[in-house]
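Here is the structure we will look at.
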Amino acid sequence: LNNLSSLQKDKVEKSNIRNVAGLDLASLLRVFERNWFVITSSFFVNNKEREKIRRMQEIRNDWAHITPQDINKKKVIDDVNVIIELMQTFDATMKETRDMENFIFQNPVKLIMGKGMIARLAKEIPSDKRIMITFGGGSVKKNGVYDQVKEALKNHFTVEFWGIEPNPAIETLRKAIALGKEEKVDYLLAVGGGSVIDGTKLISAGILYDGDAWDLVLAGRPVTHTVPLSTVLTLPATGSEMNNGAVISRRETKEKYPFYANYPIFSILDPEVTFTLPPHQVACGLADTYVHVMEQYMTTPGQSRIMDRWAEGILQTLVEIAPKIRENQHDYQLMADFMLSATMALNGFIAMGVSQDWATHMIGHEITALHGLTHGHTLAIVLPATLQVLHEEKGDKLLQYGERVWGITSGTREERIDEAICHTEEFFRSLGLTTRLHEENIGQETILEIERRFNERGAKYGENGNVTGAVARRILETAL
C-alpha cells in the first residue's frame, strides 16, 4: 500500500481490496514498478520487462487524457503491440486477443504422385492446347525427365523455353513471355524446381498482359487473369507446385519480391527424379522446407492444436530423414517423404487460422538479391538468429518446439529456449550448410544495405509486425 498514490490507497481501502488481483491497471503497474527488486529476486524477468511496464504506464496515462486529434492508426497499433508484449511477458492469457483466426481455405491443385506418373501428361492436358514447356538449365536431359515429358506430349503442339535461372529474373521471363505471345500459347507446363515454377507463374500472367510484367510484380496484387499452368516437379523445396506464390528477381537493381497468380491445375511428383540431384541442392531444399514450416508454426501459442501437430509432424519427419538422405539419396521412400514434406509445408494446410511470421524469408530474399546465395541456404543462416533476437516474444512457442521436436524437457526456461535454438542451427549444419554470414564473406556493408531497404519500404514483418529495419539489422548482426 505504501507504494500507491493517495487516491489509489483510498480506493483500495474503500473497496476492501486484499491482494494485487483486485487492483486496477494503474495501481497494478505502480506496484510492479515500485517493487521491482523484490519481483526480480523471485521471477525470471529483467530490465527489458521493466521498460515494458514503464511504457504501459505511459500508454495508460495517454489514453486517460487523450483528445480525438491525438488518435491515429500508428498510435493505436504501437500501443496494442506493447500491451500484447506485456501480456506475453507475464504469461497472461492471450485468449481474448489471439484465438484461432477466421479463414477460408481452398487448394484446387490436383496432386499426382508416384513412379512413372509423368506419362499421365498425355491424359491430363487437353490435346488441342498449344503448350509452352519451360525449363531451367538442362539437368532434365541428364536424368531422363525431358525424354519422359516429350514422349507423353508427342501428340500435342509444344514449344520449349529454356534458361529460367535459380531466383528467376524478370530479364529472362520477358523473353519467355514474348515467345508465348508469338506462338499463341494457351497452356504452360513448368518442368523443374521452384524457380522454374515461380517464373512460369509470372509468364502465365505476362502472356495476357499488354505492359511490362515487372509492373505486375510491383503492384503487389494477386493476378487472376492467367494462362493455365501445370508442373512436373524435379526439386522439392519451395512448395510452388501446390500454391499460388512466387518470388521474382530483377538483376539490374538487385531486387527480389513476392508475386501471386493462379494455382497450377495439377502437379506431378515422381520421387525417382530426385535421385541425381546435387547434394547441396537437396540440403538447401531440406532447409527451405524446414523454415517454411517454422514461419507458420513459430508464432502464437495455442491458436490451433491441429495446426501445431501437423507442423511438428513435418519438422519431426525432416529431422528423421535428413541424415538418412545424406547417406543414401537413392532411397525411394526417403525421397518420397522429402518431396511430400516440401509440398505440405507450403500449400496452406498448416496455415489455417494461425498467425504467420515470414520475417526470416524477407531478410533471406535480400541476401539472395545482393549476393546470389541459394534461397534455402540464406534461411539456414537467418532463422537461428531470428529466434535468438525474438526469443522473448516467441519464448512459449520455443519451449513447445524444443519439447515436441527435440525432446528438451529439463533446465530453466532460458536454458531450454537456448538449447532449442542451438539444435535448430546444428540441424542446418548437419546438412552441410554454413549458418553464419562471415562464412559466406557477407559483412556489415550488406547488413546496412538491408536495413536501409527495410526502412525505405517502412517494413514491419513478423506475426506482430515488429521486425523493422533496426530489428533486421540486429538479426543479421547476430548471424555474423
Side-chain angles (χ1 to χ4, degrees), residues 73 76-77 80-81 83-85 87-88 93-111 194 197-198 201 205 219-226 229 238-247 257-267 288-318 340-362 379 383 386 390 393-394 396-398 400-401 404-405 459-467:
K73 182 179 179 181
V76 171
I77 292 173
V80 168
N81 280 335
I83 294 169
I84 290 173
E85 288 176 7
M87 292 170 72
Q88 290 172 329
T93 177
M94 295 293 291
K95 183 172 178 57
E96 290 81 16
T97 56
R98 302 302 286 270
D99 280 341
M100 178 186 278
E101 300 167 2
N102 294 348
F103 66 90
I104 297 172
F105 176 72
Q106 182 179 14
N107 189 315
V109 181
K110 181 178 183 179
L111 201 61
I197 299 171
D198 278 11
K201 287 176 182 174
R221 295 186 299 272
V223 180
T224 56
H225 185 48
T226 64
L229 148 72
T238 69
S240 192
E241 67 277 4
M242 203 173 176
N243 64 47
N244 67 334
V247 181
Y257 296 117
F259 168 75
Y260 297 91
N262 284 320
Y263 288 80
I265 304 298
F266 67 84
S267 287
D288 200 0
T289 301
Y290 199 94
V291 180
H292 284 159
V293 177
M294 291 289 279
E295 297 277 31
Q296 300 160 88
Y297 167 77
M298 187 54 64
T299 57
T300 307
Q303 279 188 299
S304 171
R305 293 177 180 86
I306 190 68
M307 293 298 105
D308 280 359
R309 292 296 189 182
W310 281 4
E312 289 157 0
I314 298 173
L315 295 175
Q316 290 170 325
T317 299
L318 293 169
L340 194 54
S341 293
T343 299
M344 294 299 294
L346 201 57
N347 61 3
F349 276 76
I350 63 170
M352 289 184 272
V354 297
S355 54
Q356 300 179 46
D357 188 339
W358 301 109
T360 292
H361 266 71
M362 300 311 294
L379 303 180
L383 178 66
T386 300
L390 303 179
E393 64 190 69
K394 293 181 180 288
D396 289 344
K397 206 59 177 283
L398 277 165
Q400 177 180 315
Y401 162 72
R404 294 185 181 179
V405 176
K460 289 185 177 181
Y461 300 119
E463 68 271 23
N464 295 317
N466 59 351
V467 180

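Atom set for the values below is all heavy atoms of this structure, side chains included, hydrogens, waters and symmetry mates excluded.
- Under the ring-ring contact (aromatic ring centres under 6.0 Å, His included) criterion, Trp310 pairs with no residue, sequence neighbours left out.
- Under the ring-ring contact (aromatic ring centres under 6.0 Å, His included) criterion, Tyr461 pairs with Phe454, not counting sequence neighbours.
- Taking the six-membered ring where tryptophan is involved, the planes of Phe349 and Phe105 are perpendicular, since the angle between them exceeds 60° and thus also 30°.
- In this structure, Tyr297 has no ring-ring contact (aromatic ring centres under 6.0 Å, His included) partners at least two apart in sequence or on a different chain.
- Sorted by first and then second residue, the salt bridge (charged side-chain N to carboxylate O under 4.0 Å, His left out) pairs with a member in residues 348-360 read Asp357-Lys394; sequence neighbours excluded.
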Checklist entry - Where do Thr343 and Glu241 land on the side chain to side chain donor-acceptor pair (under 3.5 Å) test, with the steps shown first? => result CA-CA 7 Å; Thr343 299; Glu241 67 277 4; 2.5 Å; yes
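- Gln316 contributes a side-chain N or O that, together with a main-chain N or O of Arg404, makes up a donor-acceptor pair within less than 3.5 Å.
- Residue pairs that meet the salt bridge (charged side-chain N to carboxylate O under 4.0 Å, His left out) test with at least one member in residues 298-307, sequence neighbours left out, do not exist here.
- Here the CD-NZ distance, from Gln303 to Lys397, works out to 7.0 Å after rounding to the nearest 0.5 Å.
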Next on the checklist: Let's go through Lys110 and Ile265 carefully: what are the C-alpha distance in whole Å and the side-chain angles of both, what is the deciding distance for side-chain contact (heavy atoms from CB on, under 4.5 Å) to 0.1 Å, and is it a yes or a no?
Outcome noted: CA-CA 6 Å; Lys110 181 178 183 179; Ile265 304 298; over 6 Å; no
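- For the atom pair NE2 (His292) and CG (Asn347), the distance works out to 11.5 Å, reported to the nearest 0.5 Å.
- Here Phe266 pairs with nothing under the ring-ring contact (aromatic ring centres under 6.0 Å, His included) rule; sequence neighbours left out.
- Remark: side-chain polar atoms of Asn464 are not paired, donor with acceptor, to backbone N or O of Asn466 under 3.5 angstrom.
- Inspection of the Thr317 and Ser341 side chains reveals no N or O donor paired with an N or O acceptor under 3.5 Å.
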